[in-house]
Every structure is written in C-alpha cells, then in structure tokens.
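Below is one structure; the comments refer to it alone.
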Amino acid sequence: MNEFITVFQNRQEMLWETILEHLQISMISLIIATLIAVPLGLLLTRYPRAAEPVIGISAILQTIPSLAVLAFLIPFFGIGTTPAIIALILYGLLPILRNTYTGIKEVDPALKEAATGMGMNSLKRLTKVELPIAMPVIMAGIRTAMVLIVGTTTIAALIGAGGLGEIILLGLDRGADINLILLGAVPAALLAIILDLVLRMLEQLSKKAGLKTFIAMLIIAVLIVATPFIFNGQMKADLVIGGKMGSEPEILMNMYQLLIEEETDLNVKLEPNLGKTDFVFRALQEGSIDIFPEFTGTAIVTHLEQEAGSNDAREVYEQAKQGMKEEYDMDFLEPMEYNNTYAVATTKELAERYNLEEIGDLKQIENEITAGFTLEFKDRKDGYAGMQEVYNLDISDLKTMEAGIRETALANGEVDIIDAYAPESYMIELDLVTLEDPENLFPPYQGAPLLREDTLAEYPELEDILNQLSGKITDEQMRQMNYQVDYEDRSPNDVAREYLVSEGILDS
C-alpha cells in the first residue's frame, strides 16, 4: 500500500492529465455514437424490414477485436484521437441502436392509434408520444454503451491518443508493475461507475421529463468535451516525434526534442509508447509523426523484408539507409554506437545446470523448457522463426507475451528463457545470462533517427542537429539510462538531458 501511495504522489500530474484525456475521448465517442444510433434506430422503426440486417451489421462490428480495428484505421486516419474515437463509436452503436429500436417498437399500439386518431402525423406522434415513453429504454442503451466505451478507451494509448491506458501500458512495460497498472485501472473503473450513476439519474428523470432529459444529457456531454479545448492554449507542434513502447525509445525521443528545441525555434511534440513496430512505422508513413528512433536491423528485416548482407554494423546501416530511401522515400540519419540486438536470455542457475553457452545448446533441452517470447519475436526471421531454421530448434512449450511481462515471468520461474534486448535495464536487475549467437542470426541493431524525405527537405537543419548523437551512447550507458527510468523512476527527459550535458552536446 505504501508503494502505491508513493507511485500516486509521484504520478499525480500524469494521472489527472490522463483522466481528463480519457473522459474527453469517451464523451466525444459517446456523443457521436448517440447522434448516429438514436436517429437511425428511430428511422428503422418506420422501415422494420431493414432493422434486422442493420442491427446485425452493428453487432458484427462489435465482435471485431479492438486492436484489429485500430490497425485497420491507422493507414487512413493516422494515430491519435481520430482513429481511437472512430473505433469507440463502432463499439458504442449496438446497445444504443438496439434499445432505441426496441423502446419505440414496444410502445403500446393502443397509444399510437389514439395519437393517430387525434390527428397527429408520424413525426408528431413520434416526438409527443413514442419518444417520451421509450426514453428510459433508450437511456439504458446509452448507459450500456458508455460503460463499453470507457472500458475500451484504455487501448487508445496504443496509438498515441492518451487516456488512462497510458499508465497501464507503462506498468506493463515496467515488468508488470502492479502499482502503475492499478493507478491506471482503478480510475478507469471509477470513471465508468461515476458516469453510470449520472446516467442512471438521468434515466430516472427521463420517465417524467422525457425528451428534455435526452437533450440535457447531450448539452452536459458537449460542455464536458468543449471545456478542455476552451482552456487549452497549447501551440501546434512543428514536428512530432514518435516512439515504440519502452524507456529506451522515450529517452531517445527526449534527446531529439532537447537538441531540436535548443538549436531551432521549432516546437516539438512527443508521442511515446505507440506500441509495436508496425504501428509506429505506419504512423510515420501516414504523416502522423515526423521522426522516430528505429534500428538498422529492424529496417532491413521488418520494413524491407530482406536479410542483412553483412554482420558489419556500418554495412548493415548502409543497406538499411539505401533500402529505406529507395522503398519508402525515408532518410536514416547517422546511427549511435550501442547495439540493441536481440538476445536469448536465461537465469544463471539454468545456464549452469545445463551448461548453456550458445543458442544451439538449447536443442538438448527443447522439450523440457518453457520459452516466453514476444509475439513480434516469435514471427520474425531474425527471431524464433530464424532460430528454428538456423539452430534447428523446436521448443515444445512456447508462450507469447507482452515485452514488459516476460522478465517478470522469468524471475517468477514461469518461463525458462526469454527474448531480450542487450541494453535493457532488467538485464542488470535480474542478473541474466545471454546465450551466444555463433551463427550471427541477429544482425546489428543500431539506433538512428528515421524520417521522411519531405520532412528533411523542409527542415534540413535536422540532419546536423540529430547527427550529433552519431557514434554516441555505448551499450553500458544505454543500459544504465534505461535502469534509471525503469527502476529508479526518473523522468526520461531528466535522464536524456543529463546525458547530453555530460557529453557536452547540450549546455547545462
């Protein structure tokens, strides 16, 4: 409990900011879903033959996994709040649409006939009789949609939309830090409960006030959404720097920002923790971000779908640079020194028990061990797929998991080996052993800024500014910086600034 209180005190500013973002995204999505579903539901009551297929389509949309929806939307809408809101609207349509249609259809036919007998046309009958009676049912559908939307909004953080999911993802990345996960999950649950109570009160009022309650709810929701925009005086960013999940990309992003803002008048915005490689790369292609730190080996294997033609770091960089320019019109600036290559890691105890020194040594115990690999590593040619081919491995018990969970699983004895990155902080914390790769399956992975050619054409000064990091940062320095962020809970910005000042790149 004391640890949770400490985390809460250290993260208060981030917590309130993400709560506001979470509420804003949720309310925008709910308002739009309501404005679409209620009129559509009313229209379907006049054309009942179309009702079943339309409601069926909305039900199918809700069954599509949320991550799949986000991945599909990124090429069209980029990253950030827009694709997140579209996905949440799709998830909120069904309960509102179904309840609107059901609520109107279940109005007593005798009342409808009486209204018609009094000379009311279809529209007047709807507004004066059917809607007021059906309003509690419609409000119940809006309540259900709201709970779904608030819960699902946590995934918005994966594409840079913010919200409480940002804290949850940070906790997962920090080795499933339960205090950070709770700091994001508990407010999300409380937010859903509070909003549900408010809508329940409005639902009760709707039994007396009818349509007025619905209008009042929309006005309140619009005010909640509009308030942050009214008071938000943030300047629009000239450049957006994105990054994958983890402390290392965030440290590098802060270095880029500090250097650019020190030497130019450009305003730089950071979008950290955007998820896996494909998400971030699509965001760069689409233009939602302008720069992100990428690795030479990843560019060759993942983006270019090639094999590294050499194990020499410089030759791998030149291959990646040329390929990214020809294939995607992107520029790779000069790389840093450290090599963020993949490694297969295990505990000292297991390595000593089976005399494990090289990856190939795992062959003797492939049916006795449990591997914990990220999904990305499992499917990559320079990952487990390559290990199967190059080292003839076929591990019988292989579990896929998020990167931040695998080291915890190893420490708890739930898995025996994991895929790791050489500069990661948990290599220090858990005192892990890395198995040698004599067949050079894993190519060099040097980090370097990747940006589109049009960005560099618009801001040519970026090349000299960011190339100040060329040849800088050793494996040990990167590992220690990651450790400070992950285990000492230091700000990535402070760690980045401290390094740049110590190297004489930035004035103190």
Distance (rounded to the nearest 0.5 Å) between Glu337 CD and Ile473 CD1:
9.5 Å
Please answer whether the main-chain N or O of Asp361 pairs with a side-chain N or O of Tyr354 as donor and acceptor at a distance below 3.5 Å.
no
Listing request: all side-chain hydrogen bond (donor to acceptor under 3.5 Å, both in side chains) pairs with a residue in residues 179-188, at least two apart in sequence or in separate chains.
Glu3-Asn179
Below 30° counts as parallel, above 60° as perpendicular, anything between as tilted: where do the rings of Phe377 and Phe442 land?
tilted
Residue list, side-chain contact (heavy atoms from CB on, under 4.5 Å) with Ala343, at least two apart or on another chain
Thr434
Partners passing side-chain contact (heavy atoms from CB on, under 4.5 Å) against Glu17 (at least two apart in sequence or in another chain)
Glu21
Under the side-chain hydrogen bond (donor to acceptor under 3.5 Å, both in side chains) test, residues paired with Asn339 that sit two or more places apart
none
Contacts of type side-chain hydrogen bond (donor to acceptor under 3.5 Å, both in side chains), residue Ser247, not counting sequence neighbours:
Asn482, Asp486
side-chain contact (heavy atoms from CB on, under 4.5 Å) with Glu307: which residues, sequence neighbours excluded?
none
Mind checking the CD1-CD1 spacing from Ile395 to Ile417? Nearest 0.5 Å is all I need.
4.0 Å
Roughly how far, to the nearest 0.5 Å, is CG of Leu350 from CD1 of Ile369?
7.0 Å
Can I get a per-line list of side-chain donor-acceptor pairs under 3.5 Å for residues 75-96, giving both atom names and the distance, sequence neighbours left out?
from, atom 1, to, atom 2, distance (Å)
Tyr91, OH, Ile64, O, 2.2
Tyr91, OH, Ser66, N, 2.8

Considering only residues two or more places apart or on different chains, which pairs with a residue in residues 280-289 satisfy side-chain hydrogen bond (donor to acceptor under 3.5 Å, both in side chains)?
Glu286-Ser288
One should read off an interatomic distance between Asp331 CG and Lys321 NZ, to the nearest 0.5 angstrom, of 7.0 Å
For Arg98, what residues pass the side-chain hydrogen bond (donor to acceptor under 3.5 Å, both in side chains) criterion, not counting sequence neighbours?
none
Sorted by chain and residue number, the side-chain hydrogen bond (donor to acceptor under 3.5 Å, both in side chains) partners of Gln306 (sequence neighbours excluded) come out as Gln319
With ring-ring contact (aromatic ring centres under 6.0 Å, His included) as the rule and sequence neighbours excluded, what pairs involving residues 380-402 come up?
Phe373-Tyr384
State which residues pass side-chain contact (heavy atoms from CB on, under 4.5 Å) with Val390; sequence neighbours excluded, sorted by chain then number.
Glu439, Leu441
